[in-house]
*Asks:* 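The structure's right below; bear with me while I get my questions together.
Order of appearance sets the numbers: ligands from 1, and atoms from 1 within every ligand. Remember, predicted model here, so these are calculated numbers, not experimental data.
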Amino acid sequence: MDIQEWEQRHTDAFYNVKEALPYLEGMFVAYNSNIDAIKHLTDKELSRLIGFFKETEIQERVETYPREIKDPLDFMARLLISMREGKAAEIPAHTSDIHEWLKEHMGFDYARMGGQAGIISNLLAYLELKKVVAYIPWLSEEQAEYFVASDNLLHPKVEGETVTLKRPQEAFKPGIESKVNWIFEYSKDLEVTCNGIKFKVPRDNRLIISSRPKWLRLDMDREVYEHLDSLLPIDGAILSGYQMIKEQYEDGSTYKDYVANSVKVIEKLKSLNPELRIHVELTSIQNRLIRKAILTEIVAKHVHSLGLDTVEVANALNVLGHEELSYSVIKKEENGIMSLYQGAVQLLKDLSLERVHVHSLGFYICILAKGHPLTLKEHRDSLLFSSTLAAAKALNGKIENLAEAEAGLEVPVSNKGLEDLENFKLYCIGRKLCTPEESEYGYLYGPDHDAVLIPSKVVDKPKATVGIGDAISAGAFTAMLAKMKQKRAGK
Ligand code: ADP
């Protein structure tokens, strides 16, 4: 495959999608946002942190592999595990104790918008969409300040029985606490010594402590639900944050209540606009019961599109009973891309979806149900557009307008990604899944599904990595909807 060709395709796709974006009337984005407190750990700071504990106790705690942060030692243990593997991790904390401890003992470098829905709302507003309606059930005054202050980003404000759309800064709920997540970033080659064990961090990554206060509920205010029509017109909804759902709550409610309510919201949205498309963005969900419930009860049959990364593909397959496939996705061996493709196809089928978009470092795969109104070229443009967004975000750490998004075009297409696709091509042609010509275009016309595979642009030394996955999924889904609207308008 010719890398130059893929560069040109990226450029053409960017301008194509940019032209289509004004056809969108509005996007709805819910539910999760938080404030991210970011700390980049230097070797000195890491040693200082380790110094707060007895090293033998850290080692003992590492061995218990804590799944939530109950005390500072849990945090220290999970930080070392994450560093040793160079693997991102997100671990919940249910009280604010660790927040207080970290503020006192470490402090942060800076704070910014966090949470998928928060990040996506801001991105879409910056992409100059006519209207983005965000909905965050726990929008505090402080949290509202992290939303873009512009007239195309609105949030429902409940006053008595009326619901109006206002800027988030005028729509917050007074007197509620803010949800603050801590993000500890660390760099490749950082040397770690603890209790006589020495290692070098294999790659840049991060550990997130996500705050899950007891009052947090993934739900919609009754008034907003009853007046959902006040959000219209909207063409699509991007829903995320379902990982916040807990099995049981102290007030006796259970995950079943919140799953049922979420489905009601989805169904009501669809009834208000039968053309509306719903995308769910998945992230890692530790609890298998919740993971399965989200997939089989919220996503399956109710939503159209699912976005996820490779680890989440493996996790999803695992709870859906495809252990072997899940294992081969996670192993990421030479033929990892084949397993990933098969896994994504399986998700499309098991969950009765219209579209599954998997992003990996260097390439994206999008599986499509037959009968989609767009051509594979139009889907490919949507993916390429999102690759440019990802590149812009990695390059500059932010995208605050379309010109900044366009800067992503300067980033080269990943050689490694292209190589992975070459491997896939051989597999495909060998099994007669596609012709050599189709694979040059990145297309696959299957018997019961179609697929688009693109190599993506990858920044060598990214300025930031958090939220890139969200930008990819939201960017591609929004681009796809814009192309659909443009097509419907006969343009
Ligand atoms: P997050 O939730 O932080 O967005 P994900 O794992 O969901 O993390 O998504 C990360 C995605 O971002 C990867 O799949 C990859 O496609 C993209 N990405 C990561 N690093 C870079 C980079 N340096 N340049 C371009 N894209 C990147």
Side-chain angles (χ1 to χ4, degrees), residues 6-7 10 32-34 36 38 82 85-91 112-120 122-123 181-185 187-188 203-208 210 238 240-243 279-285 306-316 329-330 332 336-337 340 343-344 356-366 383-399 405 407-418 420-421 453-477:
W6 282 107
E7 296 291 2
H10 268 90
N32 59 330
S33 85
N34 57 265
D36 279 344
I38 294 107
S82 169
E85 294 164 12
K87 211 169 138 194
E90 182 166 347
I91 308 143
R112 60 155 183 242
M113 170 65 96
Q116 296 149 300
I119 291 171
I120 292 171
N122 279 350
L123 173 72
N181 285 354
W182 284 79
I183 301 182
F184 290 91
E185 297 179 339
S187 302
K188 184 172 183 247
R203 72 182 73 85
D204 292 2
N205 227 321
R206 63 187 186 264
L207 173 84
I208 303 178
S210 68
I238 300 179
S240 58
Y242 293 117
Q243 68 274 14
H279 174 92
V280 164
E281 188 57 21
L282 267 198
T283 187
S284 87
I285 307 162
L306 184 68
L308 64 184
D309 70 14
T310 54
V311 176
E312 291 139 20
V313 171
N315 288 341
V329 169
I330 212 77
K332 278 198 180 171
I337 186 166
L340 199 57
V356 174
H357 178 183
V358 182
H359 53 81
S360 182
L361 191 64
F363 65 87
Y364 309 159
I365 300 178
C366 186
L383 297 184
L384 291 167
F385 176 75
S386 71
S387 158
T388 303
L389 293 186
K393 200 151 175 165
L395 187 67
N396 296 318
K398 65 183 179 73
I399 296 176
L409 289 174
E410 292 162 25
V411 174
V413 167
S414 160
N415 262 316
K416 171 75 176 62
L418 210 61
D420 286 330
L421 291 192
L453 292 95
I454 66 150
S456 66
K457 291 177 174 275
V458 170
V459 176
D460 236 357
K461 294 206 165 64
K463 207 164 195 175
T465 53
V466 174
I468 300 185
D470 303 334
I472 297 169
S473 294
F477 178 70

*Asks:* Of all the non-hydrogen atoms in the protein, which one sits nearest to atom 4 (O) of ligand 1, and at what distance?
*Replies:* Gly469 N, 2.5 Å
*Asks:* I need the nearest protein heavy-atom contact for atom 12 (O) of ligand 1: residue, atom name and distance, please.
*Replies:*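 Minimum-distance protein heavy atom for atom 12 (O) of ligand 1 reads Ile468 CG2, 3.3 Å.
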*Asks:* Can you list the ligand 1 atoms lying under 4.0 Å from a non-hydrogen atom of Asp470?
*Replies:* 4 (O)
*Asks:* Working to the nearest 0.5 angstrom, can you tell me the gap between Gln243 CD and Glu312 CD?
*Replies:*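 Going from CD on Gln243 over to CD on Glu312, the span is 9.0 Å.
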*Asks:* Arg206: heavy atom below 4.0 Å from ligand 1, yes or no?
*Replies:*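 Yes, Arg206 has heavy atoms under 4.0 Å from ligand 1.
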*Asks:* I need the nearest protein heavy-atom contact for atom 6 (O) of ligand 1: residue, atom name and distance, please.
*Replies:*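 Answer, as residue, atom name and distance: Asp309 OD2, 2.7 Å.
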*Asks:* Relative to the heavy atoms of Gly467, which atoms of ligand 1 are at a distance of less than 4.0 Å?
*Replies:*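 Taking each heavy atom of Gly467 in turn, ligand 1 has 1 (P), 3 (O), 4 (O) under 4.0 Å.
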*Asks:* For Ser360, state whether at least one heavy atom is located under 4.0 Å from any atom of ligand 1.
*Replies:* yes
*Asks:* To the nearest 0.5 Å, tell me how far Ser33 OG sits from Ile120 CD1.
*Replies:* 11.5 Å
*Asks:* Specify the protein heavy atom at minimum distance from atom 11 (C) of ligand 1: its residue, its atom name, and the distance to 0.1 Å.
*Replies:* His359 ND1, 3.5 Å
*Asks:* With heavy-atom distances below 4.0 Å as the criterion, list the atoms of ligand 1 near Thr465.
*Replies:*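 Answer for ligand 1: 3 (O).
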*Asks:* Looking only at protein heavy atoms, which one is nearest to atom 20 (N) of ligand 1, and what is the separation?
*Replies:*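 Nearest protein contact, heavy atoms only, for atom 20 (N) of ligand 1 is Leu361 CD1, 3.5 Å.
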*Asks:* Touching ligand 1 at all, Lys457? Heavy atoms, strictly under 4.0 Å?
*Replies:* yes
*Asks:* For Glu7, which residues count as a salt bridge (charged side-chain N to carboxylate O under 4.0 Å, His left out) partner, sequence neighbours excluded?
*Replies:*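 Glu7: salt bridge (charged side-chain N to carboxylate O under 4.0 Å, His left out) contacts with Lys457.
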*Asks:* Just grab all the salt bridge (charged side-chain N to carboxylate O under 4.0 Å, His left out) pairs involving residues 462-477, residues at least two apart or on different chains.
*Replies:*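 Listed once each, the pairs would be none.
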*Asks:* Say you draw a straight line from CG of Leu207 to CD1 of Ile91; how long is it, rounded to the nearest 0.5 Å?
*Replies:* 4.5 Å
*Asks:* Using 0.5 Å steps for rounding, measure from the CG atom of Leu421 to the CZ atom of Phe363.
*Replies:*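 CZ of Phe363 is found 7.0 Å from CG of Leu421.
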*Asks:* Run the numbers on Asp309 and Val358 for side chain to side chain contact (heavy atoms under 4.5 Å, CB included), then give the verdict.
*Replies:* CA-CA 5 Å; Asp309 70 14; Val358 182; 6.0 Å; no
*Asks:* Can you say whether the rings of His279 and Phe477 are parallel (under 30°), tilted (30 to 60°) or perpendicular (over 60°)?
*Replies:*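 Ring orientation, 0 to 90° scale: tilted.
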*Asks:* Taking only heavy atoms of Tyr364 into account, list the atoms of ligand 1 that are under 4.0 Å away from them.
*Replies:*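 Close to Tyr364: 16 (O).
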*Asks:* Considering only protein heavy atoms, which is closest to atom 24 (N) of ligand 1, and at what distance to one decimal place?
*Replies:*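 Among all protein heavy atoms, the one nearest atom 24 (N) of ligand 1 is Val459 N, 3.0 Å.
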*Asks:* Select one of side chain, backbone, both or neither to describe which atoms of Val466 lie under 4.0 Å from any atom of ligand 1, heavy atoms only.
*Replies:* backbone
*Asks:* Heavy atom under 4.0 Å from ligand 1: found in Thr283's side chain, backbone, both, or neither?
*Replies:*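 For Thr283, there is no contact with ligand 1 at all, from either part.
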*Asks:* Going by the angle between their ring planes, with limits at 30° and 60°, are Trp182 and Phe184 parallel, tilted or perpendicular?
*Replies:* parallel
*Asks:* With no hydrogens and no angle check, just 3.5 Å: does a side-chain donor-acceptor pair link Ser473 and Glu281?
*Replies:*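 There is such a pair between these side chains.
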